[in-house]
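Heads up: the structure comes next, in structure tokens.
Chain A is the first sequence line, chain B the second, and so forth, proteins listed ahead of strands; every chain is numbered from 1.
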There are 2 protein chains.
Amino acid sequence: MQDQEIAKIVIIEDDETIREGYTYLINHTSPYRVVNSYPSFDAAKSKIAKDNPDVIILDIQLPGTSGIEALPLLKKLLPQTFIIMLTVYETEQIILDALANGASGYFTKNSASAKVIEAIKEVLQGGGPMSPDVAKTVIMSLQKNPDSPLTKRETQILGLINKGKDRSQIANELFIEVETVKTHIKNIYMKLNVNSKADAITVAKSNKLI
Amino acid sequence: MQDQEIAKIVIIEDDETIREGYTYLINHTSPYRVVNSYPSFDAAKSKIAKDNPDVIILDIQLPGTSGIEALPLLKKLLPQTFIIMLTVYETEQIILDALANGASGYFTKNSASAKVIEAIKEVLQGGGPMSPDVAKTVIMSLQKNPDSPLTKRETQILGLINKGKDRSQIANELFIEVETVKTHIKNIYMKLNVNSKADAITVAKSNKLI
DNA sequence: TGAAATATACCCCCTGAAGGGTTAGTTGGT
DNA sequence: ACCAACTAACCCTTCAGGGGGTATATTTCA
């Protein structure tokens with residue numbers, strides 16, 4: 001979109017009240033225009049390309065194709081369009097899935113309306129707006145366990161195992177002998193109470209050790 | 001901290017001008033109090049426990065112990081304290097490392113001063129404040145490549161390989177034969193132009209296919 | 001409807017990576 | 001002076017991983 005043009009918004013949301021509420025809000029209290037809105041992705045898919053929106057406000061809980069499933073499809077139809085999720089759902093997995101599948105921002109519906117308009121502004125400027133609760137969830141998912149039973153070296157080696165490296169590759173990378181790597185791995189397995197690479201990775205990830 | 005108490009802030013930042021600027025700003029335009037500030041973690045470590053701050057504003061570029069290195073140490077000294085990174089650095093790796101090591105929020109120094117006070121408020125309320133540029137970086141790091149050359153099944157299997165599962169475990173999980181898994185893996189290796197698990201994971205991750 | 005893409009399944013071969021057990025020297029911090 | 005961490009080496013066995021080739025349902029889409 002060109003700077004001098006008015007940014008075009010499309011809303012995909014099954015609740016009519018919410019849909020019309022945001023439409024009114026955006027049209028009357030922001031410099032943006034809601035050019036169209038749809039109650040589902042299935043209703044939108046054949047027509048949204050012509051709308052050519054700059055930003056799509058997308059709900060997750062939609063009849064038919066879910067918002068998560070719709071994300072890659074919308075991205076394919078409109079590669080340049082920013083998509084902001086606006087939804088009541090906020091489990092860690094759903095949020096991460098939405099972001100992994102191409103959402104540019106994520107807001108929960110209990111956010112102040114003004115924040116949503118701010119979010120539109122931010123994505124248009126290249127930022128990645130998230131409401132504080134969503135941001136918190138994202139940060140938590142990245143956080144490591146500070147009370148790891150593993151030593152630095154063990155954590156490092158487990159990280160390399162997680163990258164798919166084998167013993168000799170790890171040895172080369174750390175400038176130590178393969179036998180030393182073996183010893184470390186044995187100690188890791190003991191501490192984590194496992195006896196295979198796969199189990200070690202599973203336990204390590206679920207305890208956020210790596 | 002109790003709600004009725006005034007939240008205590010400590011600033012660790014080597015630039016005196018910035019340190020005093022934020023101290024003044026917070027003391028005069030917010031309900032919070034800067035109870036102490038230090039030019040380095042090394043200067044802070046023996047005394048900060050007595051300050052018992054609710055929030056620490058932490059720079060990354062510090063003389064001696066870096067902000068990233070200081071994070072787990074501060075977490076150990078003050079497990080309940082929120083730490084907000086406030087720094088000029090914003091490479092993807094540094095941001096992710098900071099968050100992985102226990103930062104509750106992350107702001108770049110070009111953010112408006114008022115935003116920093118807002119951030120303090122948000123962490124105290126349990127949110128995870130990030131400036132838009134930082135949030136953008138975090139989201140980008142989570143985003144998958146929509147133009148993957150792999151099929152759904154191949155992506156799925158590569159994901160399981162990434163979890164450390166071996167062929168037979170994958171076969172069990174997907175209710176298909178081990179030989180079928182082998183075929184898929186061969187096709188994955190061809191498409192990614194690799195010939196080992198480790199290389200496949202490396203290529204897949206660097207191209208954000210998984 | 002018919003070609004292309006995808007998913008499924010099986011055969012052979014061979015190397016060495018993976019896991020278990022044990023012992024022991026060196027270093028760094030309190 | 002001690003303990004934890006890091007390092008290194010030797011023993012052993014098994015089977016997972018990777019290379020090669022081939023065949024055939026099933027699905028998808030033009």
Please lay out, stage by stage, how B:S168 and B:D166 fare under the test side chain to side chain donor-acceptor pair (under 3.5 Å). CA-CA 6 Å; B:S168 66; B:D166 61 36; 3.0 Å; yes
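The distance from atom OH of B:Y189 to atom P of D:dG21 is 18 Å, rounded to the nearest whole Å. Atom CG in B:N187 sits about 12 Å away from atom P in C:dT8, given to the nearest Å. Look at NZ on A:K191: it is 11 Å from P on D:dA4, rounded to the nearest Å. Atom CD of A:Q169 is separated from atom C1' of C:dG16 by 13 Å (rounded to the nearest Å). Summarising the geometry, the separation between CG on A:N195 and C1' on D:dA16 is reported as 15 Å, rounded to the nearest angstrom. Whole-Å rounding puts the B:N193 CG to D:dG18 P distance at 15 Å. When rounded to the nearest whole Å, the span between CD1 of B:I188 and C1' of D:dG17 equals 14 Å. The interatomic distance linking A:I185 (CD1) with D:dT7 (P) rounds to 13 Å, in whole Å.
OP1 and OP2 of D:dC6 both lie 4.0 Å or more from every side-chain N or O belonging to A:H184. Residue B:R153 places at least one side-chain N or O closer than 4.0 Å to OP1 or OP2 of C:dT8. Dashed line: the shortest gap from a side-chain N or O of B:T180 to OP1 or OP2 of C:dA9 is under 4.0 Å.
Atom NZ of B:K75 is surrounded by more than 12 heavy atoms from other residues, nucleotides or ligands within 6.0 Å. Remark: B:K144 NZ is loosely packed, at most 12 non-hydrogen atoms of other residues, nucleotides or ligands lying under 6.0 Å away. More than 12 heavy atoms of other shown residues, nucleotides or ligands fall within 6.0 angstrom of atom NZ in A:K205. Taking a 6.0 Å sphere around NZ of A:K47, one finds it holds 12 or fewer heavy atoms contributed by other residues, nucleotides or ligands.
A side-chain contact (heavy atoms from CB on, under 4.5 Å) with B:T81 holds for exactly one of B:V123, B:I56, B:L74; it is B:I56. Checked options A:I84, A:V55, A:N27; the residue passing with A:I9 is A:V55 (criterion: side-chain contact (heavy atoms from CB on, under 4.5 Å)).
Nearest heavy-atom pair, A:Y89 versus A:Q61, reported as atom, atom and distance to 0.1 Å: OH-NE2, 3.5 Å.
Residue contacts shown for B:K197 are limited to sugar-phosphate atoms, with no base heavy atom under 4.0 Å away.
Residue A:K186 has its side chain nearest to C:dG20 when only C:dG20, D:dG19, D:dC6 are considered. For B:E177, taking side-chain heavy atoms from C-beta onward, the closest of the listed nucleotides C:dT6, D:dG18, C:dA9 is C:dA9.
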Produce the list of close N/O pairs, under 3.5 Å, pairing protein atoms with atoms of nucleotides 23-27 of chain C; give distances to one decimal.
none

Could you go over nucleotides 11-13 of chain D and give all protein N or O partners under 3.5 Å, atom names and distances?
none

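The residues A:D59 and A:K109 are annotated as salt-bridged, a charged nitrogen and a carboxylate oxygen being separated by less than 4.0 angstrom.
Between the side chains of B:N36 and B:D51, at least one donor N or O sits under 3.5 Å from an acceptor N or O.
Judged by distance alone with a 3.5 Å cut-off, no donor-acceptor contact links the side chain of A:R167 to the base of C:dG16.
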